[in-house]
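First the structure, in the form of structure tokens, and then the observations on it.
Bear in mind that the values here come from a model prediction, so they are computed numbers and not experimental data. Read the numbers this way: they start at 1 and go in the same order the structure lists the ligands and their atoms.
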Amino acid sequence: MGEFDLIKRYFKRPARHAALGVGDDCALLQPSVGCQLAISSDMLVQGRHFFADVDPFKLGHKALAVNLSDLAACGAKPLAFTLALSLPEVNESWLAAFSAGLLALADAHQCELIGGDTTGGPLNICITVFGEVPVVQGQSQALLRNGAKAGDDLYVSGTVGDARLALDVLLGKLMVPDAVLTTARTRLETPTPRVALGLALRGVASSAIDVSDGLLGDLAHILELSHTGATVWADETIQLIAAYAYSTRARGQFHLDFSATQWRTLALAGGDDYELLFTAPPQQRDAVAAAALRSQTPVHRIGQMDATPGLRVLDAQGHLLPDNFASFDHFA
Ligand code: ADP
Ligand code: MG
């Protein structure tokens, strides 16, 4: 099968909202009147971001999910995406599963594939997503990293730490019962982009970021751009690890023999969570709860923003913990 047949069979679909989809030199996208385009790219490289033998359906899902997560963090509504794909060979069953996983998530978010590029080479997947954010009275409604104020509450959505737990098990660094790995692996391989929450937080959150490299590392980006400090309640965050809940709640069938430091490291520096980390003034607590309800996404308060610069991590007794939760950095 040649390059153009491959594109036609696996990636070309009728344009829906786009003015022009796959097939010409450019796609054409018409943003709604009064909206800005929000644009973000993410690249997934075999051996770096995924294992060579990962289920291609799940890989298709994840490649788009990590991009949709960036739109979610900005409170942008997904519109369309492009796909630049480098493939070592034409493997039709792989391509069928990859495109099915990719397009299923695309359909779920009404985000259409409008173009891309296909070449031979090491397996590499680069997606660029386009979304839109309204401008109201000259003011962009995008959620950014720079709006946090001292005194704001700090929240994170969903669960954290499980993706890293799964990765460490797959790398042979940790052992857990199969049932724990199965759930954790779902978080690693098919993360849920929090698009609905991002939209619901427009006008409510003062700043937001998605957690890709690790909660504290990503929080540091908010601190830097917002010129604030923060206090994080470490032992609130470990409650948000699904595997922790299994192993400690009354009904928990599993005993996972991890130290407090191991749990805290998973939650605070795990990475690959694709949850939203955001701030909002205390007067907005009801509005945050309403946004969580409307988007059917759990959110938890895990700390607060401070006027004192820097990051303080506290245990359940309020004692300061050493801040050595390194987040992921490809070049560190
Ligand atoms: P050009 O050479 O003009 O850049 P190509 O011949 O590479 O265009 O691609 C032909 C058409 O197929 C273009 O519309 C392009 O956007 C689309 N396309 C190429 N690869 C992909 C892909 N992996 N997914 C979706 N569309 C693709
Ligand atoms: Mg061209």
- Task: Using the six-membered ring wherever Trp is involved, compare the ring planes of Phe278 and Tyr155 and label them parallel, tilted or perpendicular (cut-offs 30° and 60°).
- Result: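 Rings of Phe278 and Tyr155: parallel, as their planes differ by under 30°.
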- Message: So, regarding Ile114 and ligand 1 (criterion: nitrogen or oxygen to nitrogen or oxygen, under 3.5 Å), is there a contact or not?
- Response: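 No, there is no polar N/O contact under 3.5 Å.
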- Return a yes/no value for Gly21: is any of its N or O atoms, backbone included, closer than 3.5 angstrom to an N or O of ligand 1?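 No, no N or O pair falls under 3.5 Å.
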- Roughly how far, to the nearest 0.5 Å, is the CG atom of Leu311 from the CD1 atom of Ile222?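 The distance works out to 11.5 Å.
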- Flag the pair Asp272 and Lys62 as a salt bridge only when some basic side-chain nitrogen lies within less than 4.0 angstrom of an acidic carboxylate oxygen.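 Lys62 and Asp272: salt-bridged.
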- Task: Count the heavy atoms of every other residue, nucleotide or ligand shown that sit under 6.0 Å from CG of Asp5, and state whether that count exceeds 12.
- Result: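 More than 12 within 6.0 Å, yes.
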Show which atoms of ligand 1 fall inside a sub-4.0 Å distance from at least one heavy-atom site of [X].
{"X": "Asp117", "result": "7 (O), 19 (C), 20 (N), 21 (C), 23 (N)"}
{"X": "Asp24", "result": "13 (C), 14 (O)"}
{"X": "Phe11", "result": "23 (N), 24 (N), 25 (C)"}

- Query: Do Asp306 and Thr228 touch side chain to side chain, with heavy atoms closer than 4.5 Å?
  - Reply: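 When only atoms from C-beta onward are counted, Thr228 and Asp306 do not touch, as no gap falls below 4.5 Å.
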- So, does Phe4 sit close enough to ligand 1 that a heavy atom of it is under 4.0 Å from the ligand?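 Yes, Phe4 has a heavy atom closer than 4.0 Å to ligand 1.
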